[in-house]
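Some notes on the structure that comes next.
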2 protein chains.
Amino acid sequence: MQPDPHTPSCNSRDAHAYHEEAHAETVLLEQQLCFTVYAVSREITKLYQPLLKALNLTYTQYITMLVLWELRETTMKALGERLLLDSGTLTPLLKKLETQGLVTRRRDRRDERSLQVVVTEAGLALQEKARHIPECLLQMVGGTPEAADDLRLRLSAALDILRNREPIINNVNDV
Amino acid sequence: MQPDPHTPSCNSRDAHAYHEEAHAETVLLEQQLCFTVYAVSREITKLYQPLLKALNLTYTQYITMLVLWELRETTMKALGERLLLDSGTLTPLLKKLETQGLVTRRRDRRDERSLQVVVTEAGLALQEKARHIPECLLQMVGGTPEAADDLRLRLSAALDILRNREPIINNVNDV
DNA sequence: CCCAATTAAATTGCGCGCAATTAAATAATC
DNA sequence: GATTATTTAATTGCGCGCAATTTAATTGGG
């Protein structure tokens with residue numbers, strides 16, 4: 001009993017329960033968790049912008065530097081796993097950071113596939129200027145570290161669920 | 001002791017309190033609320049993708065259609081206020097939806113500056129196919145509507161703070 | 001009525017994100 | 001040791017997001 005393969009089913013026995021009342025009902029944007037997360041993420045990035053502009057960094061470049069300030073030296077693969085970004089995003093980004101003199105890029109001699117990324121002296125110097133950004137952000141929104149941490153822990157749990165989703169539901173199509 | 005004028009200060013009397021312990025300390029990516037929100041947002045979008053692919057919509061096109069399914073007819077300005085997006089994003093997006101036959105675009109005769117956006121029959125028909133997406137998402141992550149709502153309300157409060165940044169401080173926790 | 005100010009969309013340019021593909025190096029298998 | 005499979009980056013292409021600018025229409029004040 002395979003449904004139209006072009007229309008993925010969510011394969012839920014409970015989906016039935018929703019069907020009746022869902023008919024002709026409107027899904028409100030503001031009641032969607034996804035939209036709220038999406039909107040919050042963009043608003044936070046806008047909040048960062050004036051602070052990061054002083055460092056001549058974008059937000060993505062900034063979080064990349066956060067990892068580099070911590071590790072001093074790493075690989076693109078490790079960076080990607082940490083930032084949840086792939087080479088399609090990181091390759092041009094790291095090249096940009098290299099032209100700005102903040103990092104160096106070179107192949108690992110042990111394994112020529114691997115790209116080593118090392119923060120430069122100028123890159124380390126930038127850490128000093130970035131030091132107060134987290135507390136500045138907190139202050140800009142008027143929140144407490146505790147409230148931010150509480151929200152972050154909840155989102156962090158959600159992120160784990162999103163990322164470690166069981167392969168059982170892996171294929172959306174196979175009912 | 002005036003700091004570098006090129007480095008915006010967060011202008012806080014309390015910032016002092018952080019200064020001592022922040023010295024030479026590493027800011028961990030995973031402890032940053034901003035990064036968690038950013039990562040969750042992207043993971044959710046990836047979760048949507050297989051479902052939206054069946055409708056031939058991107059996530060941004062989908063939330064635009066959500067508003068249009070609700071209002072049937074609106075303006076770009078109103079859409080932008082609802083979605084928190086500007087014409088730079090919406091103009092090409094709506095043109096795309098128009099070429100797909102889901103909406104029509106025309107100037108308001110009362111005010112030629114305004115662009116009216118109306119959902120077509122084909123656009124309305126698509127709502128049927130999209131009806132189960134929210135419940136599918138919930139099921140994919142194995143969460144309850146209550147847990148999702150709880151998280152959404154907290155983020156929603158955060159979003160209000162981010163957008164209306166008033167000196168009036170609302171605590172994220174007393175929603 | 002005229003002119004400046006405001007408003008709404010469109011345009012331009014840049015930097016992501018990410019799917020999909022390619023290329024090269026290494027590992028695994030026989 | 002040759003062949004195949006896997007791993008790692010780089011590349012390509014597309015669709016956002018958004019700052020900044022431009023264009024056109026409307027409004028408001030004199």
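A, B, ... follow the sequence lines: proteins, then strands. Residue 1 opens every chain.
- In this entry the distance linking NZ of B:Lys95 with P of C:dA9 reads 13 Å, nearest Å.
- Distance, B:Arg107 CZ to C:dT7 P: 17 Å, rounded to whole Å.
- In this structure, A:Leu115 atom CG and D:dT7 atom P are separated by 19 Å, rounded to whole Å.
- Between A:Arg110 and the phosphate of C:dA27, there is no side-chain N or O to OP1/OP2 separation shorter than 4.0 Å.
- Protein atom CD of A:Gln100 is 13 Å distant from nucleotide atom C1' of C:dC14, rounded to whole Å.
- At C:dT6, none of the side-chain N or O atoms of B:Lys77 fall inside 4.0 Å of OP1 or OP2 (strictly under the cut-off).
- Regarding A:Gln116, its CD atom lies at a distance of 16 Å from the P atom of C:dA25, rounded to whole Å.
- Applying the salt bridge (charged side-chain N to carboxylate O under 4.0 Å, His left out) test to every pair with at least one member in residues 52-69 of chain B, sequence neighbours left out, gives no pairs at all.
- The salt bridge (charged side-chain N to carboxylate O under 4.0 Å, His left out) test applied to B:Glu70 returns B:Arg82, not counting sequence neighbours.
- Rounded to the nearest 0.5 Å, atoms CZ (A:Arg105) and CG (A:Leu97) are 10.0 Å apart.
- As a whole-Å value, the separation of A:Asp111 CG from D:dT7 P is 12 Å.
- Evaluation of the side chain to side chain donor-acceptor pair (under 3.5 Å) rule for B:Arg107 yields no partner, not counting sequence neighbours.
- The side chain to side chain donor-acceptor pair (under 3.5 Å) check on B:Arg72 picks up nothing, with sequence neighbours excluded.
- Distances shorter than 4.0 Å separate none of the side-chain N or O atoms of B:Arg109 from OP1 or OP2 on D:dT26.
- Between A:Glu81 atom CD and D:dT7 atom C1' there is a gap of 12 Å when expressed in whole angstrom units.
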Review point. Tell me, for nucleotides 15-24 of chain D in 5' to 3' order, what letter each nucleotide earns: B for a base near a protein heavy atom under 4.0 Å, S for only sugar-phosphate near one, - for neither?
Key: SSBBB-----
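- Applying the ring-ring contact (aromatic ring centres under 6.0 Å, His included) criterion to A:Tyr48, with sequence neighbours excluded, gives A:Tyr59, A:Tyr62.
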